[in-house]
Amino acid sequence: MALKTPEQYEESLRKMNFKIYLMGELVKNPVDHPMIRPSMNSVKMTYDLAQKPEYEDLMTTKSHLTGEKINRFTNLHQSTDDLVKKVKMQRLLGQQTASCFQRCVGMDAMNAVDSTTFEMDAKLGTKYHERFTRFLKMVQDEDLTVDGAMTDTKGDRGLAPHQQADPDMFVHVVEKNDKGIVVRGAKAHQTGAVNSHWILVMPTIAMAKEDADYAVSFVCPADTNGVYYIYGRQSSDTRKMEGGTIDVGNSQFGGHEALMVFDNVFVPWENVLMCGEYEFSGMLVERFAGYHRQSYGGCKVGVGDVLIGAAALAADYNGAAKASHVKDKLIEMTHLNETLYSCGIACSSQGHKTASGTYLIDLLLANVCKQNVTRFPYEIARLAEDIAGGLMVTMASEKDLNHPEIGKVLEKYLKGAANVPFEDRCRIMRLVENITLGTAAVGYRTESMHGAGSPQAQRIMIARQGNLEQKKKLAKKIAGVKE
Ligand code: SF4
Ligand code: FE
């Protein structure tokens, strides 16, 4: 079976034995939990769209390993065309879910681990790439969702992993034997953790010899013994427990992050993909980050499309659509959003083949893409709030809207254009609130800042890749400065 149906995906999650803490309690049934379910629906959409003939070209491709049809989320990019299609697929899913659909972290991790293990084996004579390829084949055959896990909790940011007061601030190897390794530590902000079948762990920074125990990469089932999750809160998350469909803004979809704890987890050697080869830690981090910075030129743009649409509808419903400043703000939002998309497409089309055959994006352009993502969604959100007006945050609850007497008073005083049903205006206000300030703001705003690395991380890469010396030479030549 190369493609799972959305129903098969949901069923496969029900069979897993996750240990998840949410608001002080162990979750018995994550798939149906009202706070988790919308995030599962977003991942499910990656399976759903892959079944539709109109999206076949974007959502599926042929495995370079088996020739079978696979979901693009399990693909290793075989060309720049694949890289471009990846971004287009992410924009499509952002449009359809208006949230983070989570499955990209694993896709980006697998692509980075593929080329890195290949080059590591070539230099050091290790055998990691073979193991990784076996894992990838299983992921493709069973159409699995993999969670790429990179971000360590890091403790004191001024200290290297081995210098930390608590040695567990970075995931590390605590024991090695002839069967495998035992690891301990935690990965933070893990997107889609409890909607995934497997975890692919990677180190979080370039490392030196003293940190060799921290230079570790491996795969393990997401419900393996010793792994547990502490589910992250989002603003307005408990509205999902109220059972309505208006106050939540987006009642069907969402995203989630969790703290993923490795409490002395045993990993057999066949699942270990790096163990002490600290010289390759930096390459893996740089490539994974590059792919995920490319990703944001797709997913955030898709969510941006929904937000621009919501702002335009708010203007219609408020009776303000003809005002020239409103039109101009919508143009500005579109301009910013398409600039992000241009960056996502540019770094993809300028990609190149690595030694393993897998294509890598242009790293400079991918970092420029993500640097813009740390800014433009904030401006797009500001303009959406400007156009929507204060009602998006002062409106009464859904229960008041449905109240037999109070509901009529609210409708009388809060109705906008006479031809627009009052409920429609409420729904659009709440959607703008959801993306700019509510549960989806995690993915659209703060994740735009810190996801795939905080702004300074991109500036370091831009400095490294910018080639100032060559630019100086150009200037000298034009100005007639002799070398
Ligand atoms: Fe995918 Fe975007 Fe979510 Fe990352 S933030 S997992 S790229 S949807
Ligand atoms: Fe992300």
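In this text the structure is predicted, and so the values were computed from the model without any measurement. Start at 1 with the first residue, then count along the sequence. All heavy atoms count here, side chains included; hydrogens, waters and symmetry mates do not.
No side-chain heavy atom of V265 sits less than 4.5 Å from a side-chain heavy atom of V182. Y229 has its side chain out of reach of L22: every pair of non-hydrogen atoms, C-beta onward, lies at least 4.5 Å apart. By the 4.5 Å heavy-atom criterion applied to side chains, L200 and L273 are counted as neighbours. Looking at heavy atoms from C-beta onward, V248 lies out of side-chain contact with N434 at the 4.5 angstrom threshold. You'll find the side chain of K471 stays beyond 4.5 Å of the side chain of K476, heavy atoms only. Y214 places none of its side-chain heavy atoms less than 4.5 Å from the side chain of T204. You'll find the side chain of E385 reaches within 4.5 Å of the side chain of L437, heavy atoms only. For the pair V43/Y9, a side-chain contact is recorded, criterion being any heavy-atom separation below 4.5 Å from C-beta on.
Side chains of S356 and D114: a donor-acceptor N/O pair is present below 3.5 angstrom, by distance only. Side chains of N75 and S63: a donor-acceptor N/O pair is absent below 3.5 angstrom, by distance only. For the residue pair S99 and S42, a side-chain donor N or O sits within less than 3.5 Å of a side-chain acceptor on the partner. A side-chain donor-acceptor contact under 3.5 Å links D305 and Q95. S348 and Q294 share a donor-acceptor pair across their side chains, judged by distance under 3.5 Å alone. R287 and S115 share a side-chain donor-acceptor pair at under 3.5 Å.
Between R91 and E338 there is a salt bridge, since a side-chain N of the basic residue sits under 4.0 Å from a carboxylate O of the acidic one. With respect to E447 and K300, a salt bridge is recorded, a charged nitrogen being found less than 4.0 Å from a carboxylate O. Salt bridge absent: E130 and K127 never bring a charged side-chain N and a carboxylate O closer than 4.0 Å. A salt bridge links D237 with R233: at least one charged nitrogen is closer than 4.0 Å to a carboxylate oxygen. Between K86 and D108 there is a salt bridge, since at least one side-chain N of the basic residue sits less than 4.0 Å from a carboxylate O of the acidic one. Ion pairing of D147 with K187 is absent here, as no side-chain N (NZ or NE/NH1/NH2) approaches a carboxylate O to less than 4.0 Å. The pair R239-E433 meets the salt-bridge criterion, with a side-chain N (NZ, NE, NH1 or NH2) lying under 4.0 Å from an Asp/Glu carboxylate O. Remark: D143 does not engage R72 in a salt bridge, criterion side-chain N to carboxylate O under 4.0 Å. A salt bridge between R14 and E10 is present, with a side-chain N of the basic residue lying under 4.0 Å from a carboxylate O of the acidic one.
F218 and F262 have perpendicular rings, their planes meeting at more than 60° on a 0 to 90° scale where under 30° would count as parallel. Classified by interplanar angle (parallel below 30°, tilted 30° to 60°, perpendicular above 60°), the ring pair F118/H129 is perpendicular. Ring-plane geometry between F132 and F135 is classed as tilted, the angle between the planes lying from 30 to 60 degrees on a 0 to 90 degree scale.
No donor-acceptor distance shorter than 3.5 angstrom exists from the side chain of T126 to the backbone of Y128, with no hydrogens or angles considered. Between the S448 side chain and the T374 main chain, no donor and acceptor come within less than 3.5 Å of each other.
Other residues, nucleotides and ligands place no more than 12 heavy atoms under 6.0 Å from the NZ atom of K123. Atom NZ of K240 sits in a crowded spot, with more than 12 heavy atoms from other residues, nucleotides or ligands closer than 6.0 Å. In the displayed structure, D386 atom CG is contacted under 6.0 Å by more than 12 heavy atoms of other residues, nucleotides or ligands. No more than 12 heavy atoms of other residues, nucleotides or ligands lie within 6.0 Å of NZ in K209, so this atom counts as exposed by the packing criterion.
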Problem - Stepwise salt bridge (Lys or Arg N to Asp or Glu O under 4.0 Å) check, E332 with K329 - result: CA-CA 5 Å; E332 178 66 8; K329 281 164 189 160; over 6 Å; no

Practice task
Show the numbers, then the answer: is there a side-chain hydrogen bond (donor to acceptor under 3.5 Å, both in side chains) between T191 and H256?
Solution key: CA-CA 6 Å; T191 295; H256 77 240; over 6 Å; no

Exercise for the section: Carefully, step by step, assess F266 and C220 under the rule side chain to side chain contact (heavy atoms under 4.5 Å, CB included). Expected result: CA-CA 9 Å; F266 170 72; C220 66; over 6 Å; no

Exercise for the section: Please step through side chain to side chain contact (heavy atoms under 4.5 Å, CB included) for the pair F101 and Q90, ending with a clear verdict. Expected result: CA-CA 9 Å; F101 37 90; Q90 289 169 311; 4.0 Å; yes

Handout entry: Verdict with reasoning, N195 to S39, per side-chain hydrogen bond (donor to acceptor under 3.5 Å, both in side chains)
Key = CA-CA 8 Å; N195 294 326; S39 74; 3.0 Å; yes

Exercise for the section: Assess whether side chain to side chain contact (heavy atoms under 4.5 Å, CB included) is satisfied between T80 and Q350, documenting all intermediate values. Expected result: CA-CA 7 Å; T80 53; Q350 296 304 298; over 6 Å; no

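Both tests do not hold together for R293 against F288: distance to the six-membered ring centre under 6.0 Å, angle to the ring axis within 45°.
Here the two rings, on H162 and F170, have centers that are 6.0 Å apart or farther.
Listed by first and then second residue, the side chain to side chain donor-acceptor pair (under 3.5 Å) pairs involving residues 17-29 are N29-D32 (not counting sequence neighbours).
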